[in-house]
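In what follows, a single structure is set out as structure tokens and then discussed.
First the proteins, then the strands, lettered A, B, ... as listed; each starts at 1.
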There are 2 protein chains.
Amino acid sequence: MVETKAEKAKAPSRRTSITDVARVLQVSASTVSRALSDQQDISKATKARVRQVAHAMNYQPNLVAAGLRRGQSKTLGVILPHLSGAFYPTVLHGIEKMASQHGYQVLVCQSHDEVRCEQRRVAALLAAQVEGILIPVSATTLAEVNHLAQVQQAGTGLVFFDRAPADLPGSAAVLLDTYNGAYEAVTHLIKGGSRRIAHFAGPQQVSTSRNCQEGYLAALRDHQLPRGKN
Amino acid sequence: MVETKAEKAKAPSRRTSITDVARVLQVSASTVSRALSDQQDISKATKARVRQVAHAMNYQPNLVAAGLRRGQSKTLGVILPHLSGAFYPTVLHGIEKMASQHGYQVLVCQSHDEVRCEQRRVAALLAAQVEGILIPVSATTLAEVNHLAQVQQAGTGLVFFDRAPADLPGSAAVLLDTYNGAYEAVTHLIKGGSRRIAHFAGPQQVSTSRNCQEGYLAALRDHQLPRGKN
DNA sequence: TTGTACGCGTTATCAC
DNA sequence: GTGATAACGCGTACAA
């Protein structure tokens with residue numbers, strides 16, 4: 001691994017703002033704003049002038065300021081347990097794809113499967129004014145769902161995927177149907193002649209794991225097979 | 001896959017701001033700000049009162065507003081060609097880890113290895129006021145480095161990793177030492193008795209690929225082996 | 001069609 | 001030790 005060090009960043013020299021453009025054009029800032037956001041009552045002539053000069057001055061809109069004014073950040077937050085393996089990166093890929101198609105950005109962070117860390121990340125995301133948070137609850141999140149409830153009451157969207165907490169009413173969730181998955185798998189084995197089928201259960205406070213076990217048990221029951229000792 | 005739809009988000013009801021806390025406490029907003037940001041000239045008594053009430057009101061600081069005021073976003077941008085495979089997610093993992101350790105957030109987006117897309121992402125990141133951008137240039141980025149040069153002249157940090165453009169002076173880069181890697185690999189083969197060694201070259205406008213080829217050629221030369229036809 | 005004034009939430013500065 | 005004021009960059013009623 002080789003590293004090429006860059007020269008010191010040059011003077012910050014504030015980015016050109018909407019007022020800078022306005023000053024050059026001898027018009028008000030609102031006029032520039034209108035010209036740039038299109039579809040307003042504004043003459044074709046000035047709109048063209050403004051756009052041209054703005055481009056010439058290499059004007060880049062400040063979405064942060066605009067967001068503050070509008071009360072929206074066009075940003076989503078995703079909290080992942082980690083980024084190892086293929087699963088979460090794949091999901092993240094999909095999230096980012098859809099988000100950017102709708103003009104949204106995605107803030108990514110990791111919980112390392114620890115509630116404490118997850119809580120800090122949630123707070124940080126809320127502080128960053130994200131409009132929604134997507135999260136598979138961490139494995140250590142038991143009844144500690146206060147930080148998640150706060151997300152809801154802050155008016156911020158909340159969507160669980162992969163894993164959802166047992167009890168948190170009124171939240172959206174995208175999950176694998178592990179109940180039917182397990183049911184069908186076990187049924188398949190039974191039809192194949194198997195009689196002693198084991199199930200390695202996951203943490204029961206996570207709905208996905210619990211459903212999986214229930215599907216397993218239901219299949220045994222429906223085929224009159226005894227439930228073995230754990 | 002099963003989807004649980006949530007109830008409609010309740011009334012936005014503006015998040016409690018610093019002025020809300022100030023109003024309740026009958027103090028000025030600046031006092032609240034100082035109490036919360038610590039280490040200022042402020043009495044222990046009021047500091048305690050403020051913190052308590054702020055907590056009771058479930059006050060969450062608005063980092064966007066603070067960033068606007070301070071002129072910093074505490075946010076980094078990462079543009080990845082994609083999120084498939086193991087490499088980029090692993091790198092992203094490391095980036096996010098270090099970033100969050102230093103109080104930074106990470107905005108992730110994909111270029112799909114297309115310059116056009118990469119340009120749009122760069123613009124979006126700049127608009128989001130990120131303080132730095134980490135990026136392996138897309139494979140189709142030839143001499144089109146204007147958008148990258150703009151990042152520099154905007155005063156925004158720019159770090160290449162994995163791949164760097166052939167010519168863009170004054171930028172930082174973290175790369176694999178493919179020159180020596182190839183040199184040593186080829187030397188190893190030669191010492192093992194090999195005489196006809198092929199090299200599948202990558203795109204030559206990407207330094208990593210070019211260096212790899214040069215290392216390969218150097219090894220052949222240093223051992224008096226002829227360079228074969230492609 | 002365009003300009004003025006204000007507010008979004010926060011913090012730095014200067015008074016008191 | 002604390003309060004008032006201004007400013008960050010932008011959008012938008014309202015006035016002209």
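Here chain B contacts DNA chain D (any atom closer than 4.0 Å to a heavy atom, that is under 4.0 Å), and the contacts span D/dG1 to D/dG9 from 5' to 3'.
Around NZ of A/K47, the count of heavy atoms belonging to other residues, nucleotides or ligands within 6.0 Å exceeds 12. The local environment of CD in B/Q52 is sparse, with at most 12 non-hydrogen atoms from other residues, nucleotides or ligands closer than 6.0 Å.
Residues A/M98 and A/Q101 form a side-chain contact, since some pair of their non-hydrogen atoms from C-beta on lies under 4.5 Å apart.
Residues of residues 42-51 of chain A that place a heavy atom closer than 4.0 Å to DNA chain C, in numerical order, are A/I42, A/S43, A/T46.
B/V64 comes within contact range of no nucleotide atom at all, as no heavy-atom separation falls under 4.0 Å.
Between the B/S111 side chain and the B/I79 main chain, no donor and acceptor come within less than 3.5 Å of each other. Side chain of A/E131 to backbone of A/S73: a donor-acceptor contact under 3.5 angstrom is found. In terms of modelled atom types and a separation under 3.5 Å, the side chain of B/S84 and the main chain of B/H82 share no donor-acceptor contact.
Between A/I18 atom CD1 and A/N62 atom CG the span is 10.0 Å, to the nearest 0.5 Å. The CZ atom of A/R34 lies 9.5 Å from the OG1 atom of A/T46; values are rounded to the nearest 0.5 Å.
If you check the side chains of B/T156 and A/R15, you find a donor sitting under 3.5 Å from an acceptor. Looking at A/Y88 and A/D162, their side chains do bring a donor and an acceptor atom within 3.5 Å of each other.
Between B/D20 atom CG and C/dG9 atom P the separation is 8 Å, expressed in whole Å.
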Letter by letter from the 5' end, nucleotides 10-16 of chain C scores (B base, S sugar-phosphate only, - none; protein heavy atoms under 4.0 Å) BBBB---
